[in-house]
Undergrad: 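Here it is, the structure in full.
Just so it is clear, the model here is predicted, and its values are computed rather than measured.
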Amino acid sequence: MLEPKDTKHRKVQRNQGRKRNKYAVKGTRLNFGDYGLKALEKGEVSSRQLEAARVAINRYLKRDGKVWIRVFPDKPKTKTPAETRMGKGKGEPDRFVAPVQPGNVIFEVGGGADEESAREALRLGKHKLPIKTKFVVRPGARAEE
């Protein structure tokens with residue numbers, strides 16, 4: 001599963017009322033493949049969910065195409081053990097998540113995969129993710145075929 005090799009801080013503070021951008025600014029265009037899966041809502045995708053989606057996409061494509069993961073889970077989420085009394089500070093880091101904003105491209109598919117197989121592979125992958133997504137095509141990708 002994806003997780004950072006080393007982090008500057010073990011735990012991350014919550015956003016205390018400061019506004020984040022409503023829509024993604026970076027990572028909104030297809031840079032590698034001809035087809036992609038774009039987020040339609042804000043959320044967090046865990047490394048397990050990304051891996052499950054990646055496996056589903058690769059299983060369908062077999063060896064026809066190449067898959068790129070455009071988000072990386074580098075934000076630690078903490079959790080206190082079950083049946084622990086209140087207080088005693090913040091819990092230990094439990095998992096890593098990738099913050100996703102509307103407009104972020106999560107997966108890209110290319111390298112020999114046709115549109116029909118890419119659409120089906122990404123459809124199978126999007127069912128593994130906790131946010132709404134849509135299938136996007138690079139401008140001019142259909143004209144090449």
Undergrad: Phe96 and Asp74: which non-hydrogen atoms are nearest, and at how many Å?
TA: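 In this case the closest contact between Phe96 and Asp74 is CD2-C, 4.0 Å.
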Undergrad: Calculate, to the nearest 0.5 Å, the distance between atoms NZ and OG belonging to Lys62 and Ser117 respectively.
TA: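 Interatomic distance, Lys62 NZ to Ser117 OG, rounded to 0.5 Å: 10.0 Å.
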Undergrad: How long is the span from the CZ atom in Arg138 to the CZ atom in Phe32, to the nearest 0.5 Å?
TA: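 That separation rounds to 9.5 Å.
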Undergrad: Would you indicate whether His9, at its atom NE2, is surrounded by more than 12 heavy atoms from other residues, nucleotides or ligands within a distance under 6.0 Å?
TA: no
Undergrad: In terms of hydrophobic clusters joined by side-chain contacts under 4.5 Å, are Leu124 and Leu122 together?
TA: no
Undergrad: Do Arg123 and Glu120 meet the salt-bridge criterion of a basic N to acidic O distance under 4.0 Å?
TA: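 Arg123 and Glu120: salt-bridged.
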Undergrad: One pair to check against side chain to side chain contact (heavy atoms under 4.5 Å, CB included): Leu30 and Val136. What are the steps and the verdict?
TA: CA-CA 8 Å; Leu30 296 175; Val136 291; 4.1 Å; yes
Undergrad: Verify the cluster assignment for Val105 and Val137: are they in a single hydrophobic cluster under the rule of side-chain heavy atoms below 4.5 Å apart?
TA: no
Undergrad: Taking all atoms of both residues into account, what is the closest heavy-atom pair of Ser47 and Met1, and its distance?
TA: OG-SD, 4.0 Å
Undergrad: Please find the pair of heavy atoms, one from Pro130 and one from Glu44, that lie closest to each other, and give the distance.
TA: CG-O, 3.7 Å
Undergrad: Mark yes or no for whether Asn104, through its side chain, and Gln101, through its backbone, hold a donor-acceptor pair below 3.5 Å.
TA: yes
Undergrad: I need the minimum non-hydrogen distance between Leu50 and Pro73, along with the two atoms involved.
TA: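 Looking at all heavy atoms of both residues, the closest pair is CD1-CD, 3.9 Å.
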Undergrad: Of all the heavy-atom pairs spanning Ile57 and Ala121, show the shortest one and how long it is.
TA: CG1-O, 3.4 Å
Undergrad: Are any non-hydrogen side-chain atoms of Leu40 and Thr133 less than 4.5 angstrom apart?
TA: no
Undergrad: Check whether any side-chain N or O of Lys11 sits under 3.5 Å from a backbone N or O of Gly91 as a donor-acceptor pair, and report yes or no.
TA: yes
Undergrad: Under 3.5 Å, side chain of Lys38 to main-chain N/O of Thr28, donor-acceptor pair present?
TA: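 Yes, the answer is positive, given that a donor and an acceptor are paired below the 3.5 Å cut-off.
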Undergrad: By the side-chain hydrogen bond (donor to acceptor under 3.5 Å, both in side chains) test, which pairs, at least two apart or in different chains, include something from residues 78-87?
TA: none
Undergrad: For residues Val71 and Val109: do they belong to one hydrophobic cluster (side chain heavy atoms under 4.5 Å, members Ile, Leu, Val, Met, Phe, Trp, Tyr)?
TA: yes
Undergrad: Ignoring hydrogens, what is the shortest heavy-atom contact between Gly103 and Ala24? Give both atom names and the distance.
TA: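 Answer, listing the atom of Gly103 first, then Ala24: C-CB, 4.2 Å.
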Undergrad: For residues 88-113, which residue pairs pass the salt bridge (charged side-chain N to carboxylate O under 4.0 Å, His left out) check, not counting sequence neighbours?
TA: Arg10-Glu92, Arg70-Glu108
Undergrad: Please answer: with hydrophobic residues joined when any side-chain heavy atoms are less than 4.5 Å apart, are Tyr35 and Ile69 in the same cluster?
TA: yes
Undergrad: Test of understanding: clusters of I, L, V, M, F, W, Y form through side-chain heavy atoms closer than 4.5 Å, transitively. Do Phe72 and Val100 belong to the same one?
TA: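 Yes; tracing contacts between hydrophobic side chains, which count when under 4.5 Å, links both residues.
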Undergrad: If a pair satisfies salt bridge (charged side-chain N to carboxylate O under 4.0 Å, His left out) and one of its residues is in residues 46-57, list it, with sequence neighbours excluded.
TA: Glu51-Arg54
